Amino acid sequence: MKTGEDQEIQAGSMSAYDALAKLGVKGLDRVVAVKINGELADLTTAIDSQAELEPVYVNSTEGLQTLRHSTSHVMAMAVKDLFPGVKVTIGPAVEDGFYYDFDYERPFKEEDLPKIQEKMVEIIKKNIPFACTEMTSQEAIDFFQGLGEEYKVELINDLGAEKVSMYTQGSFTDLCRGPHIPSTGMIKAFALTKVAGAYWRGDEKRPMLSRIYGIAFENKKELRQHIKKVEEAKKRNHAKLGPQLGLFNTYDEIGSGMIVWHPKGAMLRHILETFEIREHLKRGYELVKGPSLLKTELWNKSGHFEHYREHMYFTEIDEQSYGIKPMNCLAHMLIYRSKIRSYRDLPKRYFELGTVHRHERSGVLHGLLRVREFTQDDAHIICTPQQLNDEIKGVLDFVRDIMGIFEFDYELEVSTRPEKSIGTDEDWDMATNALRNAMEDSHLQYDINEGDGAFYGPKIDVKLKDALGRRWQCSTIQCDFTLPERFDLVYIDKDGKKHRPVMIHRVILGAIERFVGILIEHYAGAFPTWLAPVQAVILTVTDRNIPHGEEVLRTLKEANIRVDADFRNEKLGLKVRESQLQKIPYMLILGDKECDIKGVTPRLRDGQNLPLMNTKEFIDLISQESK
RNA sequence: GCCAGCGUAGCUCAGAUGGCAGAGCAACUGAUUUGUAAUCAGUAGGUCGGGGGUUCGAUUCCCUUCGCUGGCUCCA
């Protein structure tokens with residue numbers, strides 16, 4: 001909708017809000033901002049010429065961002081009021097809410113939150129307007145210096161702009177790009193959720209600030225729904241479900257970041273691993289296996305000792321220093337180098353389910369998703385530069401196929417050269433372009449993650465979400481021009497001369513541990529039949545049915561079905577309940593009726609009963625489903 | 001590693017100003033022979049995460065250490 005079609009608007013300057021009102025926009029009380037010629041702006045912005053106006057409603061993505069951002073300003077105001085001497089830094093909107101980082105004489109505690117929240121409610125009730133003013137950077141610096149707000153001064157200096165915008169609500173003025181809601185009264189539903197430490201500007205060498213997180217929604221109902229959603233998601237938490245389902249456990253006395261796989265979990269891994277081996281063999285990979293301990297000298301040659309030492313464990317054998325492998329590439333390269341290779345032999349694709357150890361800092365460990373010992377479905381593809389593009393595309397297809405089987409949505413990122421890295425600029429450019437080209441050729445959407453590559457090359461990362469929406473890197477495809485150089489890998493080309501091959505490091509699931517963690521949350525523990533460690537359980541009704549039960553058990557085992565039996569002298573209701581809690585796909589009810597025809601009555605996890613059938617029919621049914 | 005929170009029976013959780021540690025479920029034993037999400041009764045189960053200190057006395061207060069959770073940083 002346009003202003004200026006209306007004479008009155010064109011004639012004199014008026015606020016965007018008044019203009020929208022004049023234009024007859026409905027639901028103005030739910031409009032938090034405006035887009036002027038596509039640019040997000042405050043409702044108080046003056047309109048004095050013809051412009052394209054679009055109302056931004058509170059329930060839109062941008063509307064919620066604005067609301068959340070303004071809520072963070074209200075929080076900063078409350079905190080400044082309650083804790084004299086506190087210094088403010090930044091306070092953006094994030095997914096579902098906002099945070100603000102403060103520097104105070106002591107970190108904030110959870111018990112501080114109710115007080116702050118109360119103060120915020122007070123501010124909201126007063127319905128204080130947000131006012132935007134512009135000033136020169138020097139004026140702003142003088143202003144903040146007068147208040148002792150050194151962080152703001154640093155921000156303005158780094159902005160290096162001539163002018164900056166400032167937002168004031170009541171007694172609180174903050175450097176801010178905006179826009180903001182018209183006044184604090186528009187905040188209808190928020191809650192402060194947690195406190196956390198955060199380094200100033202994300203740099204661990206700079207001061208640790210105290211961050212307060214909050215959530216904000218359009219109304220109380222949405223807020224309640226969100227809280228409920230988070231509670232539901234917590235029930236899917238793999239760290240809780242895993243031990244309950246008998247998959248794995250951790251033990252204080254073993255140490256952190258180390259997983260102990262119980263029978264069902266070890267079975268689940270076995271299923272995943274055999275599936276993976278099959279899929280790799282299908283695609284022209286060869287199985288290999290390297291040792292866990294390799295001489296430190298070799299890690300030195302590869303550059304790991306220089307660039308990755310702090311993540312590695314070392315030991316000594318016969319006065320010789322060894323490093324425990326944090327990656328599987330070295331042995332694969334030695335396998336390649338063990339023979340003279342012709343261009344006709346390439347690409348070589350070496351696959352290993354390689355168990356690696358990495359020293360992760362204690363604070364980052366997280367259930368199965370971040371551990372110190374894990375197994376990668378790792379492969380190294382050694383190919384000619386001409387083959388690089390096709391090989392990367394091949395891996396991207398592989399990723400798409402596998403993620404499709406598990407019904408995962410994923411996000412792609414290309415990570416570029418980090419500060420700590422080896423290799424020439426030309427090599428990095430070539431490798432980075434190869435990755436981007438393969439993505440473009442496959443018509444894939446991706447983000448760029450500057451400076452986040454491995455030390456030896458750029459990479460494509462595939463991120464999956466856990467139950468709480470946190471993103472975890474699983475697949476990764478890394479391009480490497482450097483290690484082939486260091487290890488002098490060569491192939492003989494058509495011209496009879498030695499040439500340098502390229503190496504791709506890649507994983508599909510990533511780490512089996514992490515992937516299982518995500519899988520548990522993805523399926524809420526109710527794995528599809530082909531993955532379920534226990535596919536069926538035989539539930540007898542009375543002791544009379546045990547002989548037939550044993551026969552069915554034997555028959556199903558012979559048919560390679562992963563079957564358990566519950567022959568206890570307990571009521572059927574109890575057995576059904578317990579199997580249900582274990583999320584076993586099929587419960588085979590076995591009473592007198594079933595004994596008569598030598599069959600079973602399958603009951604599904606969703607409570608549905610299949611008709612009485614003989615054992616052979618059930619085997620056909622479940623075999624079909626298990627692929 | 002840093003900031004905050006947490007650690008009581010296998011699990012979920014009570015508990016007290018510092019004075020013999022409590023429930024439900026699970027486990028075990030017995031009875032029951034049962035038809036689609038919990039049969040009844042009884043028994044047993046704890047260095048209150050570990051170590052040190054203060055105290056007549058510590059699960060409780062203090063220090064330290066291990067582990068977990070949510071963030072930061074880092075990463076599969």
Side-chain angles (χ1 to χ4, degrees), chain A residues 99 101 106-113 193-213 234 237 239-240 243-244 249-257 308 310-311 326-327 354 356 358-371 374-378 415 418 452 454 459 461-464 468 470 472-476 478 505-515 517-518 539-546 568-581 587-594 601-605 607-609:
Chain A
Y99 68 78
D101 285 347
R106 63 160 174 90
F108 290 114
K109 296 180 191 160
E110 260 162 49
E111 61 196 48
D112 296 324
L113 298 186
T193 49
K194 56 199 177 196
V195 293
Y199 299 107
W200 169 233
R201 306 202 122 178
D203 185 343
E204 63 183 321
K205 289 179 192 72
R206 309 210 54 187
M208 169 68 74
L209 305 171
S210 190
R211 175 174 297 181
I212 303 176
Y213 280 94
K234 279 185 184 157
N237 179 5
K240 254 182 137 54
Q244 272 168 24
N249 221 328
T250 53
Y251 295 86
D252 288 10
E253 52 270 66
I254 285 181
S256 54
Y308 207 72
E310 64 271 30
H311 292 286
M327 299 183 192
V356 297
R358 295 184 186 175
H359 178 250
E360 302 292 352
R361 303 212 271 182
S362 59
V364 307
L365 299 173
H366 184 101
L368 285 182
L369 301 183
R370 192 80 181 271
V371 291
F374 57 99
T375 299
Q376 296 180 300
D377 58 336
D378 201 3
S415 298
D452 209 33
K459 58 180 188 168
D461 286 332
V462 175
K463 302 207 167 174
L464 301 182
L468 284 172
R470 291 176 291 210
W472 296 89
Q473 181 180 323
C474 290
S475 323
T476 168
Q478 310 181 346
H505 310 244
R506 43 107 292 181
V507 289
I508 304 292
L509 304 185
I512 305 287
E513 284 74 6
R514 175 175 291 182
F515 195 75
I518 303 259
L539 309 181
T540 45
V541 178
T542 82
D543 286 356
R544 284 194 298 285
N545 312 126
I546 293 178
R568 289 175 306 166
N569 170 19
E570 294 287 355
K571 290 195 159 183
L572 184 62
L574 181 90
K575 296 185 185 187
V576 167
R577 177 183 154 79
E578 288 185 357
S579 304
Q580 186 77 40
L581 289 174
M587 292 161 230
L588 304 179
I589 312 293
L590 216 151
D592 294 341
K593 273 189 287 182
E594 288 76 14
T601 301
R603 178 191 194 275
L604 306 181
R605 276 180 290 207
Q608 194 194 147
N609 262 6

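Here the structure is a predicted model, which is why all the values come from computation and not from measurement. Every chain is numbered from 1 and lettered A, B, ... according to where its sequence line falls, protein lines coming before strand lines.
To the nearest whole angstrom, the two P atoms, one in B:C40 and one in B:G49, are 33 Å apart. Across B:G10 and B:A16, the matching P atoms stand 23 Å from one another, rounded to whole Å. The separation of B:G15 from B:A9, taken at their P atoms, amounts to 15 Å, rounded to a whole angstrom. Straight-line distance between the C1' atoms of B:U12 and B:C3: roughly 29 Å, to the nearest whole Å. With P as the reference atom, B:U8 and B:G46 are 15 Å apart, rounded to whole Å. A gap of 16 Å separates the C1' atoms of B:U60 and B:G22, to the nearest Å. With C1' as the reference atom, B:U73 and B:C2 are 8 Å apart, rounded to whole Å. As rounded to the nearest Å, B:A14 and B:G24 have C1' atoms that lie 11 Å from one another.
In this structure, OG1 on A:Thr193 lies 9.0 Å from CD on A:Glu110, to the nearest 0.5 angstrom.
Picking from B:G71, B:G1, B:A76 the nucleotide with the shortest atom distance to the side chain of A:Ser362 gives B:G1. Nearest nucleotide to the A:Thr542 side chain, out of B:A76, B:U33, B:U36: B:U33. Here B:C75 is the nucleotide among B:G70, B:A37, B:C75 with the atom lying nearest to any side-chain atom of A:Arg514. Of the listed nucleotides (B:C72, B:A37, B:A76), B:A37 has the atom at the smallest distance from the side chain of A:Arg577. Side chain of A:Lys459, nearest nucleotide from B:A76, B:A37, B:G67: B:A76. Checking B:C2, B:A37, B:A76 against the side-chain heavy atoms of A:Arg603 singles out B:A37 as nearest. Each of B:U39, B:A37, B:G35 was ranked by its minimum atom distance to the side chain of A:Leu574; first place goes to B:U39. Nearest nucleotide to the side chain of A:Asp252, out of B:G5, B:A37, B:G67: B:G67.
As judged by a 4.0 angstrom heavy-atom cut-off over every strand, A:Val356 is placed among residues making no nucleic acid contact. Residue A:Lys240 is in sugar-phosphate contact alone, with no base atom involved, counting any heavy-atom pair closer than 4.0 Å across all strands shown. Residue-level contact check: A:Glu570 touches the bases, meaning some heavy atom is under 4.0 Å from a base atom. Nucleic acid contact for A:Phe515: none, since no nucleic acid atom lies under 4.0 Å from a heavy atom of the residue. Nucleic acid contact class of A:Gly591 (heavy atoms, under 4.0 Å, all strands): base. Within the 4.0 angstrom heavy-atom criterion, base atoms lie near A:Lys571. Contacts of A:Ile589 with the nucleic acid, taken as non-hydrogen atoms under 4.0 Å apart, include base atoms. When heavy atoms are screened at a 4.0 angstrom cut-off, A:Glu111 is found touching no nucleic acid atom at all. Among the atoms of the strands shown, only primed sugar atoms or phosphate atoms (P, OP1, OP2) are found under 4.0 Å from some heavy atom of A:Gln473. Counting non-hydrogen atoms under 4.0 angstrom, A:Gly607 reaches nothing in the nucleic acid. Across all strands, A:Val364 comes closer than 4.0 Å to base atoms (heavy-atom distances). Looking at heavy-atom distances under 4.0 Å, A:Lys575 makes no contact with the nucleic acid at all. Residue A:Arg470 is classed as a sugar-phosphate contact, given heavy-atom separations below 4.0 Å to backbone atoms only. Across all strands shown, A:Asn609 has heavy atoms under 4.0 Å from base atoms, whether or not it also approaches the sugar-phosphate.
Not a single donor-acceptor pair, N or O on each side, falls under 3.5 Å between the base of B:G70 and the side chain of A:Glu110. Residue A:Arg361 places a side-chain atom within donor-acceptor reach of the base of B:U73, judged by atom type and a 3.5 Å distance cut-off alone.
Not one N or O on the side chain of A:Arg370 forms a donor-acceptor pair closer than 3.5 Å with the backbone of A:Leu365. Under the 3.5 Å distance criterion, the side-chain polar atoms of A:Asp377 are matched with a main-chain donor or acceptor of A:Ile508. Put simply, the side chain of A:Gln580 gets close to the backbone of A:Arg605: a donor and an acceptor are under 3.5 Å apart. With hydrogens and angles disregarded, no donor-acceptor distance shorter than 3.5 Å links the side chain of A:Arg358 to the backbone of A:Met327. The backbone N or O of A:Thr375 lies less than 3.5 Å from a partner atom in the side chain of A:Glu513, making a donor-acceptor pair. A:Asn237 contributes no side-chain N or O that, together with a main-chain N or O of A:Lys234, makes up a donor-acceptor pair within less than 3.5 Å.
Put simply, CG on A:Asn249 is 11 Å from P on B:C68, counting in whole angstrom units. Computed from coordinates, the A:Tyr99 OH to B:G71 P distance equals 13 Å when rounded to whole Å. In this structure, A:Arg370 atom CZ and B:G71 atom P are separated by 13 Å, rounded to whole Å.
When the nearest nucleotides of RNA chain B are assigned to A:Asp543 and A:Lys109 by heavy-atom distance, the more 5′-ward of the two goes with A:Lys109. Each of A:Trp472 and A:Arg211 was matched to the nucleotide of RNA chain B holding its nearest heavy atom; the match closer to the 5' end belongs to A:Arg211.
Annotated as syn: B:C20, whose O4'-C1'-N torsion sits within 90° of 0.
The shortest distance between the side-chain N/O atoms of A:His366 and the OP1/OP2 oxygens of B:G71 is not below 4.0 Å. The side chain of A:Thr476 places no N or O atom within less than 4.0 Å of a non-bridging phosphate oxygen (OP1 or OP2) of B:A76.
Between A:Met587 and the options A:Leu604, A:Thr601, A:Leu539, a side-chain contact (heavy atoms from CB on, under 4.5 Å) holds for only A:Leu539. For the pairing with A:Tyr199, the side-chain contact (heavy atoms from CB on, under 4.5 Å) check across A:Arg206, A:Met208, A:Lys205 returns one residue only, A:Met208.
Near RNA chain B, meaning a heavy atom under 4.0 Å away, the residues from residues 196-204 of chain A are A:Ala196, A:Gly197, A:Ala198, A:Tyr199, A:Gly202, A:Glu204.
Centre separation under 5.5 Å together with a plane angle under 30° holds for the ring of A:Phe374 and the six-membered base ring of B:A76, marking them as stacked.
Pairing for B:C20 is absent, judged as Watson-Crick or G-U wobble with the two contacts each under 3.5 Å.
Listed by first and then second residue, the salt bridge (Lys or Arg N to Asp or Glu O under 4.0 Å) pairs involving residues 571-581 of chain A are A:Arg568-A:Glu578 (not counting sequence neighbours).
A 4.5 Å side-chain heavy-atom check between A:Asn545 and A:Glu594 finds every atom pair outside the cut-off.
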